[in-house]
Amino acid sequence: MFRKFPFVALLFFLCVCFTIGCKDKAPQAKDSNLTDYELAMTNQDTAAVTSLVDQFFQYVESGDVASAAGMLYSINRQNPLEEPELLDNEELQDVMKSFSSFPIIDHHIDYIKFNEVYLNEVKVSAVIEHAHDGMPEIATVCFFRPYDFQGDWRLCLMESLSGDERIISNNDVDSLQQHYADIQDK
């Protein structure tokens with residue numbers, strides 16, 4: 001049969017080779033299930049997001065919450081791929097009220113997790129009072145959702161009341177924070 005139909009023989013041979021080749025190879029793990037988007041991130045992306053977060057908190061720490069709020073964007077929850085928009089007046093007032101209600105004197109980024117264009121996460125500890133005289137640091141936690149719109153990073157707050165969920169499970173937070181700290185120490 002194969003002599004009469006060389007095309008069938010070739011097709012059969014290729015199928016056998018493909019099947020054997022696929023069985024011999026173990027699936028390639030992507031290092032902790034990283035997304036293709038995350039694998040494409042560079043140090044420049046991390047630096048850009050870090051700069052946005054640091055600028056935001058420099059405004060807050062100096063008492064200029066209006067400028068800090070003016071940096072924030074909102075993601076369209078129905079179509080997250082649309083360009084994020086600056087906060088409207090009501091949202092600006094809510095953010096200004098929240099960040100004016102307690103004095104933030106310092107901050108540190110606990111981790112940055114990239115996942116997708118619109119689905120990234122930054123955890124920041126906002127320090128209200130430094131540790132002193134045996135008293136631990138008093139801090140609150142803020143979560144941001146940096147958005148990569150056509151290569152231009154936009155800073156969005158996570159809004160749990162609007163359905164935003166963290167992309168990092170509670171089980172993975174400690175290891176991610178340690179990994180981020182190790183990277184910063186290098």
Side-chain angles (χ1 to χ4, degrees), residues 38 41-77 80 82-168 170 173-174 176-186:
E38 185 173 3
M41 293 291 93
T42 65
N43 288 340
Q44 289 85 357
D45 294 298
T46 303
V49 170
T50 299
S51 178
L52 279 173
V53 170
D54 286 344
Q55 180 62 59
F56 178 86
F57 278 101
Q58 285 172 7
Y59 285 137
V60 171
E61 291 161 17
S62 70
D64 189 1
V65 292
S67 292
M71 293 178 62
L72 298 175
Y73 288 79
S74 179
I75 298 172
N76 180 341
R77 307 257 177 267
E82 280 186 5
E83 180 177 5
E85 295 182 357
L86 286 167
L87 299 183
D88 63 29
N89 287 337
E90 184 177 326
E91 293 167 322
L92 282 170
Q93 293 302 318
D94 288 345
V95 169
M96 289 170 45
K97 184 178 178 182
S98 294
F99 282 95
S100 297
S101 63
F102 47 90
I104 296 175
I105 59 172
D106 200 1
H107 72 282
H108 54 87
I109 296 174
D110 296 323
Y111 65 77
I112 297 174
K113 172 68 174 164
F114 295 109
N115 191 299
E116 294 296 335
V117 168
Y118 60 89
L119 192 59
N120 304 297
E121 182 174 304
V122 179
K123 179 184 176 194
V124 180
S125 291
V127 178
I128 298 170
E129 188 173 337
H130 289 291
H132 61 87
D133 302 325
M135 295 290 295
E137 177 179 88
I138 299 172
T140 188
V141 174
C142 301
F143 289 93
F144 291 89
R145 178 105 42 231
Y147 190 110
D148 179 10
F149 184 72
Q150 300 177 354
D152 183 26
W153 285 99
R154 313 280 172 90
L155 194 59
C156 306
L157 276 175
M158 281 185 59
E159 300 175 41
S160 57
L161 295 177
S162 299
D164 259 351
E165 293 183 14
R166 294 178 44 207
I167 59 175
I168 302 298
N170 287 336
V173 169
D174 290 339
L176 188 59
Q177 284 180 199
Q178 185 60 51
H179 177 73
Y180 186 76
D182 291 344
I183 291 171
Q184 298 306 304
D185 290 340
K186 289 181 182 177

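- How far CG of Leu86 is from CZ of Arg154: 8.0 Å, rounded to the nearest 0.5 Å.
- For the ring pair (Phe, Tyr, Trp, His ring centres under 6.0 Å) test, no residue two or more places apart in sequence or in another chain qualifies with Tyr59.
- Met41 contributes atom CE, which lies 5.5 Å from atom CG of Asp148 (distance to the nearest 0.5 angstrom).
- Among all heavy-atom pairs drawn from Ser100 and Val65, the shortest one is OG-CG2, 3.2 Å.
- In this structure, the side chain of Ser51 does not engage the main chain of Ala47 through any donor-acceptor pair within 3.5 Å.
- Tyr118 pairs in a side chain to side chain contact (heavy atoms under 4.5 Å, CB included) with only one of the listed residues (Pro84, Pro80, Cys156, Pro146), which is Pro80.
- In this structure, a donor-acceptor pair under 3.5 Å is present between the side chains of Tyr111 and Glu121.
- Between Phe56 and Trp153, the ring centre distance reaches or exceeds 6.0 Å.
- Rounded to the nearest 0.5 Å, atoms CG (Leu72) and CG (Asp94) are 12.0 Å apart.
- Here the closest non-hydrogen pair linking Phe57 and His107 is CB-ND1, 3.3 Å.
- When every heavy atom of Ala126 is checked against every heavy atom of Ile104, the shortest pair comes out as CB-CD1, 3.7 Å.
- The structure places CD of Glu137 at 4.5 Å from NE2 of His108, a figure rounded to the nearest 0.5 Å.
- Heavy atoms only, all atoms of each residue included: Phe102 and Ile128 are closest at CD1-CD1, 3.8 Å.
- Remark: the backbone N or O of Val60 is not paired with any side-chain donor or acceptor of Asp64 at under 3.5 angstrom.
- With hydrogens and angles ignored, the 3.5 Å screen pairs no side-chain donor or acceptor of Gln93 with any backbone N or O of Glu90.
- Within the 4.5 Å cutoff, no side-chain heavy atoms of Gln150 are placed close to those of Glu83.
- Between Glu38 and Asn115, the closest side-chain pair of non-hydrogen atoms is not below 4.5 Å.
- Here the closest heavy-atom approach between residue Val124 and residue Asp110 is recorded as C-OD2, 3.9 Å.
- Side-chain contact between Ile109 and Asp54: present, with at least one pair of heavy atoms (C-beta onward) separated by less than 4.5 Å.
- Smallest separation of non-hydrogen atoms from Asn76 and Glu82: ND2-OE1, 2.9 Å.
- Contact of the Phe143 side chain with the Leu157 side chain is not registered, since no non-hydrogen atoms from C-beta on lie closer than 4.5 Å.
- Heavy atoms of other residues, nucleotides or ligands lying less than 6.0 angstrom from CG of Asp88 number more than 12.
- Atom-to-atom distance recorded for Tyr73:OH and Glu85:CD is 10.5 Å, nearest 0.5 angstrom.
- With rounding to the nearest 0.5 Å, the separation of CD in Glu129 from CD1 in Ile105 is 7.0 Å.
- In terms of modelled atom types and a separation under 3.5 Å, the side chain of Asp45 and the main chain of Thr42 share a donor-acceptor contact.
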Worked verdict on Lys123 versus Lys113 for side-chain contact (heavy atoms from CB on, under 4.5 Å)
CA-CA 9 Å; Lys123 179 184 176 194; Lys113 172 68 174 164; over 6 Å; no
Verdict with reasoning, Ile112 to Asn120, per side-chain contact (heavy atoms from CB on, under 4.5 Å):
CA-CA 8 Å; Ile112 297 174; Asn120 304 297; over 6 Å; no
